[in-house]
Amino acid sequence: MVVSLRSIALASRSPFVRGGLTSLRFSSTASKLPTLKERLAELIPTETEKVKQIRAEHGKKAFGPVLVDQLYGGMRGLPALIWDGSVLDAEEGIRFRGKSIPECQELLPKAPGGLEPLPEALFWLLVTGEIPTPEQVAGLSRDWAARAAIPEFVEEILDRCPPTLHPMSQFSLAVTALNHDSAFAKAYQDGVSKKEYWGPTFEDSMDLRVFSSSIAKLPNIAGRIYRNVFSNGKLPAIDLNKDYSHNLATLLGFGDNEAFVELLRLYITIHSDHEGGNVSAHTGKLVGSALSDPFLSFGASLNGLAGPLHGLANQEVLIWLRKMQSKIGENASDEAVREYVWSTLKGGQVVPGYGHAVLRKTDPRYTAQREFALKHLPADPLFKLVGQVYDIVPNILLEAGKAKNPWPNVDAHSGVLLTHYGLTQMQFYTVLFGVSRAFGVTAQLIWDRALGAPLERPKSYSSDAIHKMFKDK
C-alpha cells in the first residue's frame, strides 16, 4: 500500500496493553507524549556529557593486557567496542539496557491478549534505555506500518531474482538498494553539521518522516522474498492497525495463526541484539563508522549474518535432530538419545546448539523459547526430543571435556518452533534472524552518529612482526 498511507495511519488507532492491563484506546492525551525521535533529542545532550565525563575520568585507564593469542583467536574477549543496547554476562546472559529477558517480558507493552513483548517496545528500550508507554508503542507500530511500502524498483529487483538465489543474498541486495532514498546520504551531500548526523540516521533507521525506513520496510522485503521463492503467492497489504510482528506473519502467510504471531514477537525480541562483538553487529558498526548510511551498513551486517558460523546454527540443529529422529524414531528412550549423542562426538562432530563463546550457563533466550513451547506445543515430537537432549547433552559434554559451556544456546530451540507452525523452509530462517538483528544494529548506529563516534581503525600486525616483537621477551 503506497497511497494515502500517512493520512490513514494518522487516523488509525490500535489498542496495546502492558502486562495485565486492560486494552485501551488512544485519547487526546496521547499526543502529549513525546515520540521516539523527540525523546531521543532530549537524551542526546545528557548522554554526550556523560561520555565526556567518562573519558575525562577514565580515558587513560587500561582494561588489561592484550595477548597474542587474542589476535590469532578472533579477538575473543578483547575489549574494543562501545555498544549501548545490550551487554552479555557470562552467568546471566543478555541484558537489554540493563533489563533481563524475563524483565523485558514482564515490563514491555504487549498486544491485546498477548503475553510476549512487542518488538517495537524493545526498540524503544534499545534507543532510549526507557520502558515506553503502550501509547508510544502503538504510535511506533503505526509509523512503521505506514512506511512499510518499498520502492517499485526494489520490488522489481526482488521479482527478477532467480528462486535459486539464496534468500539472504536477496535480502542484502534489497536493503542495499534502499540506499537510493537514504536521508543520511542526501544530508551528508548537502553538508549537514556533524552534530546533526543522528537526525537523518534516525530517519533512515526508523522513518518518522518521509524517507525510506530500514526497520519498517524489512517485513515487506522478507515477505516478498518468501512468497517469490517458496509460495508463489500474491503479497497481502500491510494492516495499519496491526503490530510489526502481526504484519510480518501475514506477509509470510501465517497471520491467521495467533500463536505464530506471538512466537514472532518473542523471536524478534530475543534475537534483536547480543552485544556489539558478534559478526553482524560489529560489521554494521564498522561500516557505519565510515559514515555509510544505515542501508549500506545493515546490508553489510546481513552479509556477515549469512555466514554459516553466525546465522545458520539453528538450521544445523534442526538437521541434526531430524537425523537423530529418523535413526532412533519418535519417543525414543533416553539411552537411545545418549548413544546417538556419543556417536556424534566420536564421529568428530559437535553437538549443534550447545556451547557459547561467552555464556557459561543456559542461554536465557533458550529458556524463553522452552517456556513458550511448554505453553503452546508441549506434545510436539521434536520439542520432546529437544527436551530430552537438554536433559542429556550437558553431562555428556562435561564427561567428554568438549565444552567450557555445555549448556544450550538460542539456536538449540528456534528451528523446532518455526517448524511446528509450518515455516519449514530452513533457508529462510536467517532472513528472520536478519529482520530481528536490524533493531540492535540501527539503534547503535543512531547513537554512534549522535555521539560523534569516529572511524574505526584498529592496529594490525603481521606474524613476522609479532615474532620479532616478542622473540627476546
Side-chain angles (χ1 to χ4, degrees), residues 83 85 123 144 147-162 165-189 197 200-207 211-226 228-229 248 268 271-274 276 278-312 427-449 453 455-456:
W83 194 269
F123 184 71
W144 287 356
R147 291 157 177 79
I150 57 178
E152 185 176 347
F153 81 92
V154 177
E155 293 180 349
E156 292 176 358
I157 289 174
L158 291 174
D159 291 345
R160 288 176 178 269
C161 287
L165 183 63
H166 196 284
M168 280 298 284
S169 299
Q170 298 187 41
F171 197 17
S172 171
L173 184 65
V175 169
T176 301
L178 290 174
N179 154 267
H180 180 274
D181 296 321
S182 168
F184 181 86
K186 182 179 185 302
Y188 187 82
Q189 284 186 331
Y197 282 172
T201 300
F202 183 93
E203 291 167 355
D204 274 350
S205 298
M206 219 219 34
D207 191 22
F211 296 99
S212 297
S213 159
S214 178
I215 291 179
K217 296 187 183 300
L218 296 186
N220 242 332
I221 293 173
R224 198 172 199 90
I225 293 170
Y226 184 81
N228 284 348
V229 176
L248 176 56
I268 295 173
H271 285 82
S272 63
D273 205 25
H274 215 233
N278 63 76
V279 171
S280 56
H282 184 198
T283 300
K285 183 179 177 69
L286 171 65
V287 175
S289 78
L291 298 187
S292 299
D293 64 64
F295 304 113
L296 298 178
S297 301
F298 186 60
S301 293
L302 291 174
N303 291 332
L305 186 63
L309 293 183
H310 188 17
L312 303 188
Q427 279 194 322
F428 192 76
Y429 290 176
T430 318
V431 174
L432 289 181
F433 195 168
V435 171
S436 310
R437 189 48 55 94
F439 286 63
V441 171
T442 55
Q444 187 59 44
L445 285 172
I446 292 167
W447 274 110
D448 281 351
R449 301 291 77 78
L455 177 71
E456 284 191 19

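Keep in mind that what you see is a predicted model, and the values were worked out from it rather than measured. Just so you know, these numbers use all the heavy atoms, side chains as well, and skip hydrogens, waters and symmetry mates.
With rounding to the nearest 0.5 angstrom, the OG1 atom of T176 is 6.5 Å from the CG atom of N303. For the atom pair CG (L218) and CZ (F439), the distance works out to 8.0 Å, reported to the nearest 0.5 Å. Remark: I157 CD1 to C161 SG distance equals 7.5 Å, nearest 0.5 Å. Distance NE2/H282 to CH2/W83: 9.0 Å, rounded to 0.5 Å. Taken to the nearest 0.5 Å, the OG atom of S280 stands 13.5 Å off from the NZ atom of K285. Taking CG of L291 as the start and CG of L455 as the end, the distance is 8.0 Å to the nearest 0.5 Å.
Taking each heavy atom of R437 and H274 in turn, the nearest pair found is NH2-CB, 3.9 Å. Residue S297 comes nearest to L445 through the heavy atom pair CB-CD1, 3.9 Å, listed as atom of the first residue, atom of the second, then distance. When all heavy atoms of P219 and A216 are compared, the closest pair comes out as CD-O, 3.4 Å. What you find for G440 and D273 is that their closest heavy atoms are CA-OD1, 3.5 Å. When every heavy atom of V154 is checked against every heavy atom of A174, the shortest pair comes out as CG1-CB, 3.9 Å. Summarising the geometry of I446 relative to F202, their closest heavy-atom pair is CD1-CD1, 3.7 Å, with the distance given to 0.1 Å.
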- Go through L248 and L432 one step at a time and tell me if the side chain to side chain contact (heavy atoms under 4.5 Å, CB included) criterion holds. CA-CA 10 Å; L248 176 56; L432 289 181; 4.2 Å; yes
For the pair F171 and V435, evaluate side chain to side chain contact (heavy atoms under 4.5 Å, CB included) and give the outcome as yes or no after the intermediate values.
-> CA-CA 9 Å; F171 197 17; V435 171; 3.8 Å; yes
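You'll find the side chain of P167 stays beyond 4.5 Å of the side chain of T430, heavy atoms only.
Applying the side chain to side chain donor-acceptor pair (under 3.5 Å) test to E156 and every residue at least two apart in sequence or in another chain returns nothing.
Looking at R449, its side chain never comes within 3.5 Å of a backbone N or O of P200 through a donor-acceptor pair. When atom types are taken as modelled, the side chain of S289 and the backbone of L286 share a donor-acceptor pair closer than 3.5 angstrom. Looking only at distances, a side-chain donor or acceptor of N278 sits under 3.5 Å from a matching main-chain atom of A281. Put simply, the side chain of D448 never gets that close to the backbone of A453: no donor and acceptor are under 3.5 Å apart.
Ring-plane geometry between Y197 and Y188 is classed as tilted, the angle between the planes lying from 30 to 60 degrees on a 0 to 90 degree scale.
Results of the side-chain contact (heavy atoms from CB on, under 4.5 Å) test with Q170 over I221, V431, L165 single out L165 as the only residue that passes.
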